[in-house]
Every structure is written in C-alpha cells, then in structure tokens.
Amino acid sequence: MHETKEKFYELTAELLREDGVLPNRPTWIKLRQLVQAFEPELLQSGGWSDTHLLLLALLKTAERSPERVEFLSKVLASVTTKTPDEEFILLLKQLSTDDLAKSLFPCMYQADSRGSAAVYLAARAALHLAPEAFQYFLCARLWSQTDLINLSFLVRPNEIHNVCAMLEKAAETEQSAINKEAFSEFRYILFNQSSQQPLLPDIEPSTAPFAEQRQTSESVVPAQLNVKPVATLSQTRRTVTPALQQNAPHKPEQPDKAGLQFPPELVRLVETNRTVFLIIFGLTTLTLLASNFSGWLISDSAPVRSQAEATKIPSHWVDSSSRELITERDLAADKDYRMGELYLTRDKYSEALILFEDALATKPDHIQALYRVGYCRLNIKDFAGAKTSLEKALKIDPAFRHTNLLLARVAIGQNDNRLAEKHFRLELELTADPMIALEYANFLQNLNKEDEANDLISKFQALYPERVLVLSQKPEIKEEQEQQQ
Amino acid sequence: MFMYQLFKKTKKRSGITLVEIMVGSAILAFIGGIVGHWFFMQRQYQRRIFEISDGQQSIRQTSWAMMQELRTARSVLFPRLNPDNSIHSDSKVVFKSFSGDVICYYYNASQREIRRCKIPNGPGAPEFDPEPIAKDVSQIIFTASDDGNRLIDIFMEIKGSFGLESVYLMNE
Amino acid sequence: MDVENEMVDQEMYIVHISNKKGIAIVMVIGLVAIIVPVLYLLSRLGTSHVKLAVKYQENLQTETTAFSGSNAGISRLRGNLRGYQNLTNQLIGDESYNLNLRPTGKGFFQQDLYFLLSNSKIKSHHYAIMAEAEQFNPEPDPPVLVISRDYWNTIEPYEIDQIADVLSMQNDRGVDLLRLDETRDYEKNATPAQYSSEMQAKSDWLPEELVPDWPEIVDNLKSEKLSM
Amino acid sequence: MKKSGFSLLEIVIAISLAVTIFIPAMNMFSTAGQAVYKTRNFSFANSVARRISQRLMVMPFEDIEEVPLPGVALCDAPDGSFFGPFFNNTASSAGLRRITQVDMPEFYDYLERYNFRYSLSVSNVSFGDGDEIKSVGILITWNETDKAMMSRLYVYVPTL
C-alpha cells in the first residue's frame, strides 16, 4: 500500500511538471489506471494533501455525480482553512462549473477566513454568479475589502451595470447600516475594477489576527501536511503580496512617517489592535481628568501665599456683603464722609458739609455724601445747592432712601408746590412710611386740599391700624411741633 | 440553482452587531466608573459641606442667644482676670443678668454640649434649661480680658467651623 | 465616473457616521440623567446656607447699628443738646438708625431725666435699645455729665417715635426691672455673711462643672452686694 | 485594508466633547460647595469685626488709633493687638496661649490659609475738651482663591 502511494506521489509531481491541458498530458492516463487499482482502505487511510485529494476526486468520481460533490466539499472544507497553492487551483479549474458551484458557494458563507478563501478560489476558478445572488451574499456576513474585490470577479463584465442598479435599489430598502455600507462599497469596487487577478486574503497562520486562525489550523489540518504547504505558501505569498499593493484600489497609502522608525513587530501589534488601544487611551485620559478635577474641587484652600505677597495691598477688594469693588480711594472718601456724619450727631451742618464735599472731591459718585450735602444745604436754607446735589444722587440711584422726601422739602422751601407733591408721591411709592404720609397730608392741608389729605390719612390708617395718624390743626400747635430731621 | 432557494430564506438583518454592543457597554461601564468615583468623592465633599454648614448654623444660634443675655448683663462673675492681671479663660461663664439673677453657661464635656442654668439671686433652687444651647461642640473658651469685668470673649469650634464673639456689657 | 465615485464616497461617509451617533446619544443621556439631579440638590444647599449666613449678618448689623445710635444719643446729651429729640434715618456706613430722646422729668440735682431709645431696621430684622439717662447741667460749659443705666434690648419691631410703642417697651422692660428690685432688696436685707452662706448652700443643686468654682463666684457676688 | 472602528480624530472629538460637557457640569457642581466655604469665611470675618467693636468700648478712648491697611494678621498677632494673648486656662500669665501653630494648630491653619487681617479706619471729631466721638471703621480682609475680600463694620465710640 505504501509503494502505491509513493508511486502516486511521483506521477502527480510529473503530471504537474508537464504542460498543456491536464487530460491531454501523458501521465494523466497512467494516474487514472493507478487510481482505478487503488483498494478502498488506501483512500480512507488519510495523510493525503489537499492537492492529491482533489486529483483523486477528479480521477475517481464521475462529473456532476453526488459522490464528486461530496468528495469536493470535504476537500474544500480543509483547503479553505489555509492558503491554497497554485497546483490546487490548477486542478480546481478542471472541475465543471456545476460541481464547483455546488461545493464552493456554500463555503463562501463562512464569516471567518474560510469564507474569504472560498471567494478567492471561486474568483481564481473564474466562476460567475447571477446578478440577483450578490445582494444575498453581501447580506449573509461581514465582508472585508479583499473579499469584496475577489467577489467582484464573479460578476460577468457585461452584467456590472445590472448588478450595480440592483444593489442600489436594494440599498434603499435595507435597514442595517452595515449591509448598506457593503452594497455601496461593492458598487464602488465594481466601478473601479482595475485589479487584474484576485487578491489572496489574509489567512496565513503566523500573521492571522485574533484567535480564530490558530484555532482552525490546529484542529483541522494534521501537522506534517501543514509543513509542506507553508513552504510553497510563502513563495506564493511573496509573489502575490506585491501584486496586492500594486493593485490596491484608490485608497490612499498609509503615509510612511519620515524618520519615526519602530520595530515592525511593534507596529504590526499596534496596527492590528488599534481600536482597543484607542479606547484604552480615551478611558485613561478621562479618568485622570476626572480625578484631578474633583481633587481640586474638594480642596477649599486658597493658594498658599508667600509672606511678602500676604502683606501686599491688592488693587481692590470685594465687599463681602454688597459685592461691590472697594479701592483705597473709596476708603479715603468714606473716612471723610463718616467724619461728617459725626458732626451731624450734633446738628453741626456747616462743618459736616465741608467734610461731605471733601468726600465728593475724592469720589464724585459717593451717593451717601451727595445725599448728605443736599440734607445739610436744606438745613442751612441753600435750596438751589441742595436741589442740584439731591438730583445728582437720584441720577445714581433713583430709589435712594429719603432723597425724594428732601427734594419735596426743598420744593416747599422754593414754594414750588407742584414739584413738592410729585416728590412726596415718589417717596411714598418707594417706602410706604406713615410719618412721610402724615407730613404730605399736612402739606396738602396747608394748600387747602382737605379731602385729598383726609383720603391719604385714611388710606395709611388702614395700612397701620395700631398707629395714630392725626392731621395737625392750623396753625401748627407749638408744643407738639416735631423737629423732623 | 439550489443556491437561490438557500439565499431566498435569508431574513433581512437589522439590529446592532456584537462589536457595537461591546464598545457601547465598555464606554458606559467607563462612564459609570468615573461617575461612581466622582459620586464617592462628592459624597465625602457633601458630608464635609453639611458639617461646616451645620457647624456654622449652631455657632450662629449659640452666639446670638448668649450675646442677647450678656449684652444687658450687670457684671461677669466668672472668669475674671488673674491676680497678676493676665487674662483668664474657662469653659464656663457666670454673670449677673439684667434683673440681677446669676446665669451660667457651661460646657458638658462628656455630652459635648453647652448648657444654661439660672441661679436665683435670692431664695430658690437653680433652674436648668431643658434643651442644650449647642451640640457637637468641639471646644468653647470664655475669656475675661477687662478689669472692669464688662467684656467677655467667646471662642467656639463646632464641626470644623470657628466662632469668635465678644460681648461688652452695657449695664453696670 | 468621478461624480459617481464622489457619490459613493459620500454615502460611505454617512453610513459610517450613523453608527457612532447611536453610541454618543446613549453616553450623553446617561451623563445628563446622572449629573443634573445631583447638581440641583447641592445647589439648593449652597443657596439656603448663604441665605442663613446673610440673615444672621443683617441681624448682627442691626444690633451694632442700634448700639452706635445709643452712643450717638449719649454724645448729644454730653453736648448739652436738651429737650425732646427725634433723629430719623441717621446713616452709619450703609445702615441707618433712629434716635429718640424723651424727657421724663427732673432729678434730685435738677438734672434732666430722659428715656433714650435707639433702633435699627435692616429688611425684616429689628433691634431696639431702651435706657434711662440723666443729663446734668453744664458747669459752666459742656461737656455735661451724663449717666446712663439699665440698657434693655428687644428684637420686637417697635417704632421708637410712637408713644404707644414706647409705652409697651416700657412695660416689657418694667417686668425685668421688677425682678431687679426683688434681687436688690434681697441683697440689701441680708448681711454679707448671711448672703454668702445662703448662696453657698445652693451648690448642692449646681451642675458638677460649676461646683469647684462656686466659692470664688460667691465671693465675687458678696463683693458686689448692695448694702443699703 | 479598511477596518471598521473609530479613527483617532473621532476619539479626540468625542473626548473633547465629553470634557467640554464634564467641566462646566463639575463647575456648576462646585459652586454649591464653594458657596459654603465662602459663607464660612464671610461669617467668621463678621464675628472678628464684632469682637473688635466690643473691645473698642472698654479700651481707653485715646488708645483707639488708625491701623493702616494691609492691617495686622490674626495669626501670630503681636501682644499689643486685639488678638495678642488669646486664652489662658491657668491662674497666672505663665499659661498665656496665643494664636500660633503650637497653641492652636487648626485655628492657626485656617487663619493663615485665608490670610485674615484686621485694620481700623478712625475718624475722630472733638467738640470740646473731653467731649469727643470716634467713628471707627473696622475692616477685615482675607483672600479667597481668586480675589481679595473685605468686610466692613462701623461703630461710634464716644467719650463716656
């Protein structure tokens, strides 16, 4: 049994060295006779390479017979787990289209590298599919770039437009974004069909990414067979790879980083696991950011200051209750203003006036000083001066307390009753103070507007039931005269 | 050919692939991680803020209560200056109130509370306030620093907040 | 052919983006759903806390301003300003106080007796001080001797220039003064030894924090005891 | 070979988007917390100003003098200042304690971290011999992370 096998190997090698169409080669007939003489156990003994098995299928089984399809399915199932070599493809071309379609097309469904190998074999064997089938194939699984290029060889040249139109129509009704992407990408490749021959997909054991390639090569292909094809595979791989780069579609090449040389293994490792590294990079950046930021939040400390910096006078401070900015100029103006207030505790208006004006000289928009200048000038009967400074104060803050009241009194001093009424009313709108209402009512009474005065008194009496609001009789009673300040 | 029958049964595929789910859940897990970490830190931060907030509020209430009574008091009976005229501090203060009775604020170290009791300046037993003036008090120091016994300084620490008060007694 | 290439590129780009959008939306919704409630809760704490602090600050400010007002009243009396005086809206810093001096009669040495009232109001916080003052006559020039006593304070919203409010302040203050009279009588009617032994006897009911220093306190009480 | 997944540009955009959302959110969050810290300083500064205002009433009138800005620091305060010897639990001056790192560590750290200082702005008016009144502006300054804060309290101190 062993010599027969050896003889079979020699005849096969000799057949493949001859040229011309296989059936016409002289060794083909010898091989045919040898195979007919094979005992059945020899076939089952195993240890045959894929190429030899395919040759046996060709020689032993009849065309379009179920045995051949079954035999072929088994051979293809093992061939697609590794990169097929040229001799195998040469034999593959001898098969009829029907046998090949029945055995090879189902393999194209495999989502992993076996599907890619099956598409590659179909493309090398110059098989063709009907236009309707492509839509289903593209939906069946995820397609990589190389698979799509190989699949494009299964389209007859005259049917390219037909296939593109059908895919375009299918894309409109398609929900899944992934399938839509596959349709458009396949159409893109069909339009730019520049690759002369199919591309060998990545199914080499050493470089295949993730675990699935290792898992398939160990479980299915016996060790010794694996050695021989690798030798031939590396040659074919080298021959094909340059073609791969040359025929790559219009996708721009990855620009070589000038000067940045990393060891190829490292680059390959990073390249193949790019997504994982990018996600890890994102995670660490955000974590660092979050922890630092929260750390800063927790610390309530002000920045540590050197002794010199601590005693330096800043340009301004922020008042902790009113949130205003305070400068040294404001503090100086404040000091004069407060000294003026001290004089007012003794009703010394003229001395106080001097100090309030000093404060205004330092800070012209010191509203309290403006109010107080008006108040002092009113008390020393300088009505015009009082009016100008009180109106200036109103311009800065229209709601400043008692400003309208003083303006009303200035108007009374200038006998401008209409203006006095207006300012009294304004003040009452700002602060519903019963004492101001009483003063206004007395003023109305002096103008002989009795009913208006009584209306006002009754209105405020309702507001302040516990207060006693009584109009003063004319002329004013000396003993009860209140020294209004 | 038989392939078409096989393909016709292919259902229309929609939905999310495993990779998308994995990426989505990884990102969400990360977001959860960050937010969880952040929550933990903020929880500590929050507890500290609540402590400072509570501490300040009890300092305010305690100071206001003591201040109102001390403001119209007649004189500080204890603590008083040392014989060598240096300032003297204690964890309690005893003073004669506006109406002449003896009032005492003292610190109960075991309960960490400030309590008040009124000792009649006349017949009758001392009366104790049912509720403490302040709780969770880390330390309280009453300091006499005026030879006329009309000024008492109060320093309190409650949950990391400091209270610094002084009261000048208006009456004699 | 170029136009079609571009169209295909366009489509591929759009398809590419739509996948990412789903993940981004999920992330944003997750973030917002977690952060917003936490921030709301804590910001409420912040603002309520600030309000409490500002309210207390205003409360203290009314007390300090009213106290400065009573000092200004004493200063006026020392400056020999006599008779009924009612000053309103007297500014000190950003706050204002009112001062009211009400003559209540003549003293033994022909000095003028007054009720000295001062109050301050900031937003909803009130603080009023009431005291009695004696203004002696100038010898020959001011400053005149002024004695003030029995300062009494309240946070009730009294209007010091209204006779009705002054009367009710007087009544409230009077209740405390009655008790003061009782304690003073108790001190006057007891001899020093009797007074200190009675006060010392109370140490049995005192809290233990007070007991060790009680003798020193009794001595201080005895030294301030009114005799006659 | 085209692989599905994120390009670096997309990741960077995603991160910057997340960060731009994250930081303001953290900021919003921090304002509540920072408000509590600022309020603690605000209340403490007010109580320091009040403490000085009460001391002014018992000091000799002529000793109330101007203390110019930047003022006297509360921690390690000199003996003549308002915060010289701070407390004394003993019966003699040997036990005097000051606001120092040794005697009051936490309080000292708090005061030093925010650089609390006091200064006095004194306006004095004399109406005659022995008849004077002072308007004292008590200014408390401290530093917070981004600005110099000031709290002001005004009191009248007459000669009594």
Side-chain angles (χ1 to χ4, degrees), chain C residues 12 15-17 19-20 23-24 27-28 31-32 34-36 38-54 56-61 63-65 67-80 90-95 97 141-148, chain D residues 2 4-7 10-11 13-14 17-18 21-22 24-47 49-50 52-54 56-57 91 121 125-138 151-160:
Chain C
M12 286 173 63
V15 167
H16 191 70
I17 287 304
N19 294 356
K20 308 295 176 281
I23 294 173
M27 275 171 58
V28 167
L31 269 173
V32 168
I34 292 164
I35 289 176
V36 167
V38 168
L39 299 187
Y40 173 69
L41 264 175
L42 264 158
S43 59
R44 275 208 7 260
L45 162 85
T47 39
S48 68
H49 180 78
V50 169
K51 268 198 207 103
L52 280 173
V54 169
Y56 182 65
Q57 156 62 2
E58 283 160 3
N59 218 6
L60 289 179
Q61 196 86 34
E63 190 220 15
T64 312
T65 310
F67 181 58
S68 292
S70 66
N71 284 343
I74 298 290
S75 172
R76 282 179 74 88
L77 293 176
R78 282 178 59 77
N80 203 27
Q90 295 302 294
L91 293 175
I92 174 167
D94 296 333
E95 312 313 336
Y97 65 87
D141 303 321
V144 300
L145 172 64
V146 175
I147 299 171
S148 58
Chain D
K2 181 169 183 323
S4 68
F6 300 102
S7 75
E10 284 150 2
I11 286 281
I13 290 172
L17 252 178
I21 292 168
F22 211 65
M26 298 293 276
N27 253 345
M28 265 171 60
F29 171 80
S30 75
T31 43
Q34 298 299 339
V36 171
Y37 286 113
K38 288 181 192 294
T39 317
R40 175 175 68 166
N41 298 342
F42 168 74
S43 300
F44 180 74
N46 293 328
S47 64
R50 281 183 50 77
I52 295 174
S53 71
Q54 304 300 299
L56 295 177
M57 298 308 295
S121 160
V125 168
S126 168
F127 300 106
D129 188 23
D131 179 9
E132 294 178 73
I133 184 166
K134 284 181 177 173
S135 169
V136 183
I138 302 162
S151 166
R152 293 184 285 179
L153 181 67
Y154 300 101
V155 285
Y156 284 166
V157 185
T159 49
L160 294 175

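In what follows, chains carry the letters A, B, and so on, assigned in the order in which the sequence lines appear, proteins first and then strands, with residues in each chain numbered from 1.
Taking every heavy atom of both residues into account, C/Tyr97 and C/Ile92 meet most closely at CD2-CG2, 3.8 Å. Contact detail for D/Thr159 and D/Asp131: the closest heavy-atom pair is OG1-CA, 3.8 Å. Considering all non-hydrogen atoms of both residues, C/Ser148 and C/Ile74 come closest at CB-CD1, 3.6 Å.
For C/Leu60, the parts lying under 4.5 angstrom from a heavy atom of chain D are both the backbone and the side chain. Neither the backbone nor the side chain of C/Glu95 has a heavy atom closer than 4.5 Å to any heavy atom of chain D. In this structure, the portion of C/Phe67 lying under 4.5 Å from any heavy atom of chain D is its side chain and not its backbone. Contacts between C/Leu91 and chain D at a heavy-atom distance below 4.5 Å involve the backbone alone (N, CA, C, O). Looking at D/Ser135, neither its backbone nor its side chain comes within 4.5 Å of chain C, counting heavy atoms on both sides.
For C/Arg78, there are no side-chain hydrogen bond (donor to acceptor under 3.5 Å, both in side chains) partners two or more places apart in sequence or in a different chain.
With rounding to the nearest 0.5 angstrom, the OH atom of D/Tyr156 is 10.0 Å from the OG1 atom of C/Thr65.
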